Q: 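First, the structure itself, so that you have it in front of you.
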Protein chains: 2
Amino acid sequence: MVKSKAPTSQDVARLAGVSQSTVSYALTGARPISEETRRRIEAAIQELGYHPNSGARTLRSRRSGVIGLMVPTPRPLSSGPMPFVVAISQEARRFDLDVLVVTADEGAAGVRRVVGTGLCDALILMEIDRDDERLAAVAEAGLPCVSLGKPDAVPGASVVDLDFELLGRLVVERAFAEGCSRLLLFGRLEEKSRRNDSSRFLRGVHEAAPAGLEVVLAPGDPAQVAAFEDDLSPTSGRTALFGLSQELEMLFALAMTDRLTDPGHLFIGWSDVDLAALGTALAAIPRLTPRQADVSVLAVRELVRLLREPDAESRTTLLPPQWAEADGEG
Amino acid sequence: MVKSKAPTSQDVARLAGVSQSTVSYALTGARPISEETRRRIEAAIQELGYHPNSGARTLRSRRSGVIGLMVPTPRPLSSGPMPFVVAISQEARRFDLDVLVVTADEGAAGVRRVVGTGLCDALILMEIDRDDERLAAVAEAGLPCVSLGKPDAVPGASVVDLDFELLGRLVVERAFAEGCSRLLLFGRLEEKSRRNDSSRFLRGVHEAAPAGLEVVLAPGDPAQVAAFEDDLSPTSGRTALFGLSQELEMLFALAMTDRLTDPGHLFIGWSDVDLAALGTALAAIPRLTPRQADVSVLAVRELVRLLREPDAESRTTLLPPQWAEADGEG
DNA sequence: TTGTAGGCGTTATCAG
DNA sequence: CTGATAACGCCTACAA
């Protein structure tokens with residue numbers, strides 16, 4: 001089979017018996033076209049299998065219709081990013097945008113590259129650090145940008161992130177309501193992390209914690225958590241368990257498998273996926289959802305707003321985590 | 001701060017005191033440039049912060065320098081794709097290529113879209129089905145393409161995939177060598193799946209299985225596997241356990257946590273990540289690696305080969321799984 | 001409601 | 001070794 005050249009709007013115009021510009025106007029909708037003409041054009045497009053050339057369109061209009069997505073270079077076991085990538089990509093398509101992946105290790109230079117070459121009209125930055133060099137590059141370029149994750153300083157970019165303080169409050173309230181006298185937190189909870197998720201979470205926890213609830217932070221290693229709890233002084237009520245780490249949640253569960261069903265414990269899940277539906281000992285535990293798909297959708301919508309309104313103010317949107325419903329999203 | 005227009009090669013030329021075409025030649029290396037001129041051009045580029053305009057370049061050269069990556073729309077818990085996305089992206093950059101994400105739900109129409117618009121020069125298809133409509137679209141377009149996963153029929157596209165038959169053989173050999181008289185397989189092992197990974201794996205298993213090794217397939221649900229084993233007739237030797245499902249491996253482990261340390265069992269891991277390094281009951285079990293990063297790198301290299309050599313033959317590369325070393329890649 | 005024409009920033013073919 | 005110049009395919013004033 002011969003690889004024939006792709007048809008151009010010129011070809012479409014010829015076949016439809018109109019001028020090339022009319023084809024262009026029909027496609028962009030930048031001016032009214034008579035019903036009859038439009039039909040002939042559509043027909044010609046179908047017949048030729050015409051697709052507007054993206055390079056030419058980008059060159060002329062100075063908009064590529066592509067948004068860059070800077071993904072974290074993964075740590076072991078980080079399943080985290082993929083749901084974002086897919087949801088962002090799908091939502092972007094609804095606005096006729098495509099998504100180009102750039103890895104975080106390209107850093108600020110990567111930002112300058114994709115904006116400098118005109119490859120991308122806008123950027124979504126994932127897993128932003130407290131003080132992220134990429135934000136400076138974005139601001140300098142005046143590029144529409146949404147960051148997933150909240151930097152410490154007020155950024156030039158819009159922010160879409162989970163409300164981690166609220167997450168802390170929700171965990172505390174549930175634990176207390178279920179008669180727990182101790183809340184054992186595990187997972188990556190270093191205050192001095194490059195990101196501020198955990199410190200925001202812990203702030204929420206401590207602000208909401210009533211006098212009757214003792215809050216304890218376990219050391220990070222899954223293998224050690226169970227032993228750590230056994231060394232604690234005995235408590236009168238139940239113990240609630242929560243871990244701020246989706247990637248490792250199952251490992252922790254694995255390390256504490258006997259505690260999952262012990263009535264003296266309240267295990268609170270942290271995942272968008274209902275592990276119970278997959279059949280495990282984790283069945284029927286209460287679960288808070290990080291709403292990765294919702295965050296993704298909001299991020300794209302915010303980016304579209306920034307793209308459409310020339311000088312829109314940047315915004316910060318903190319999404320509340322939700323308790324999983326019985327008919328959860330699975 | 002004013003958002004000044006991006007500098008063009010014209011600006012660079014002026015500043016360097018050469019013609020615009022010379023700048024282009026210096027950049028593409030399409031013809032020799034004197035050392036002196038080249039230096040002045042480089043300097044001008046630095047000073048202006050010049051990046052060649054991607055739209056113009058694509059329009060003129062008919063090559064976008066972008067490869068499309070069609071990612072699976074995820075099932076619950078599928079952490080699988082992300083390591084591929086990152087590794088492919090990183091390897092692509094080494095060849096000055098960028099990666100555009102397209103979701104599998106766009107199907108063959110998505111293929112036609114990205115190739116028709118000239119957005120992508122080539123494609124990598126992930127999780128290809130036994131008989132995948134996207135391959136027809138690719139063949140029709142004569143597009144350089146690598147599929148991760150092996151279709152049943154001989155494809156037009158190159159194939160890079162794991163050698164699942166060999167995987168089956170390796171599991172069997174290890175089980176037998178360690179004195180097992182039974183091999184219990186679990187995870188998604190439906191013969192009639194849309195993909196053929198499991199049937200290739202099972203073929204390898206059955207071809208290699210010696211008379212002294214009984215092969216048993218457990219039903220899919222993690223919660224049921226342990227109970228299933230207990231219902232089996234007792235066996236004289238040890239039982240080897242292997243599950244062809246990275247996403248669910250930990251769930252199965254969770255469901256069979258007591259068997260992990262039982263000397264009557266040989267649990268064989270299936271993951272690129274050393275769970276032992278994270279501190280769990282899974283410590284110190286033998287482990288086979290799906291080599292996601294290696295597969296990704298090979299896929300990109302093969303695509304580059306197809307892009308460089310005008311009419312290169314497509315190839316099939318089946319990568320052998322490997323036993324994790326003590327100093328594993330983690 | 002439609003047509004004409006100029007130019008977006010490159011690459012690559014001519015000359016020199 | 002280097003300069004001028006003609007496309008590449010589309011968008012969008014300007015004209016009719």
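Quantities reported herein were computed from a predicted structural model and do not represent experimental measurements. Residue numbers start from 1 in every chain, and the chains themselves are labelled A, B, ... in the order their sequence lines are given, proteins ahead of strands.
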Q: Main chain of Leu97(A), side chain of Arg93(A): is a donor-acceptor contact present, judged purely on distance under 3.5 Å?
A: yes
Q: May I have the distance from Arg62(A) (atom CZ) to dC10(D) (atom P), rounded to whole angstrom?
A: 18 Å
Q: Just the endpoints, please: which first and last nucleotides of DNA chain C, 5' to 3', lie under 4.0 Å from a heavy atom of chain A?
A: dT1(C) to dG9(C)
Q: Looking at Glu42(B) and Arg39(B), is there a salt bridge between them, counting it only when a charged N and a carboxylate O are closer than 4.0 Å?
A: no
Q: Answer with base, sugar-phosphate or nothing: what part of the nucleic acid does Val18(B) contact at a heavy-atom distance below 4.0 Å?
A: sugar-phosphate
Q: Any donor-acceptor pair under 3.5 Å linking the side-chain atoms of Ser21(A) with those of Ser24(A)?
A: no
Q: Which residues pass the salt bridge (charged side-chain N to carboxylate O under 4.0 Å, His left out) test with Arg134(B), not counting sequence neighbours?
A: Asp132(B)
Q: Between dC8(D) atom P and Asp11(A) atom CG, what is the distance in whole Å?
A: 11 Å
Q: Going by side chain to side chain contact (heavy atoms under 4.5 Å, CB included), Val114(B) matches just one of Leu143(B), Val66(B), Leu100(B), Ile67(B). Which one?
A: Leu100(B)
Q: Regarding dA4(D), can its base be found pairing with the side chain of Tyr25(B) as donor and acceptor, where the two atoms are less than 3.5 Å apart?
A: no
Q: I'd like to know if the side chain of Arg291(B) and the backbone of Asp272(B) have a donor-acceptor N/O pair within less than 3.5 Å.
A: no
Q: Contact class for Ser24(A) (heavy atom, under 4.0 Å): base, sugar-phosphate, or nothing?
A: base
Q: Show me, pair by pair, the donor-acceptor contacts under 3.5 angstrom made by side chains of residues 51-58 of chain A, not counting sequence neighbours?
A:
residue  : atom : partner  : partner atom : Å
Asn53(A) : OD1  : Gly55(A) : N            : 2.9
Asn53(A) : OD1  : Ala56(A) : N            : 2.8
Thr58(A) : OG1  : Ser54(A) : O            : 2.7

Q: Is the shortest side-chain N/O distance from Ser19(B) to OP1 or OP2 of dG3(D) below 4.0 Å?
A: yes
Q: Nearest-nucleotide wise, let me know which of Ala56(B) and Thr22(B) is further upstream toward the 5' end of DNA chain D.
A: Thr22(B)
Q: Give a yes/no answer on whether the side chain of Ser9(A) brings an N or O atom under 4.0 Å of OP1 or OP2 in dG9(D).
A: no
Q: Is a donor-acceptor contact shorter than 3.5 angstrom present between the side chain of Arg60(A) and the base of dC11(D)?
A: yes
Q: Measure CD/Gln10(B) against C1'/dA4(D) and give the value in whole Å, please.
A: 11 Å
Q: Reckon Arg31(B) has a side-chain N or O less than 4.0 Å from the OP1 or OP2 of dC1(D)?
A: no
Q: Quick one: label Thr37(B) by what it contacts on the DNA or RNA (base, sugar-phosphate, nothing), any heavy atom closer than 4.0 Å.
A: sugar-phosphate
Q: Tell me what Thr58(A) touches on the nucleic acid: a base, only sugar-phosphate, or nothing, going by heavy atoms under 4.0 Å.
A: nothing
Q: To the nearest Å, give me how far apart CG (Leu59(B)) and P (dG9(D)) are.
A: 7 Å
Q: Just call it for Ile33(A): base, sugar-phosphate, or nothing, with non-hydrogen atoms closer than 4.0 Å on any strand.
A: sugar-phosphate
Q: Determine whether any donor atom in the side chain of Gln20(A) lies under 3.5 Å from an acceptor atom in the base of dC11(D), or the reverse, and answer yes or no.
A: yes
Q: When we call it a touch if two heavy atoms are under 4.0 Å apart, what does Ser34(A) touch: a base, just sugar-phosphate, or nothing?
A: sugar-phosphate
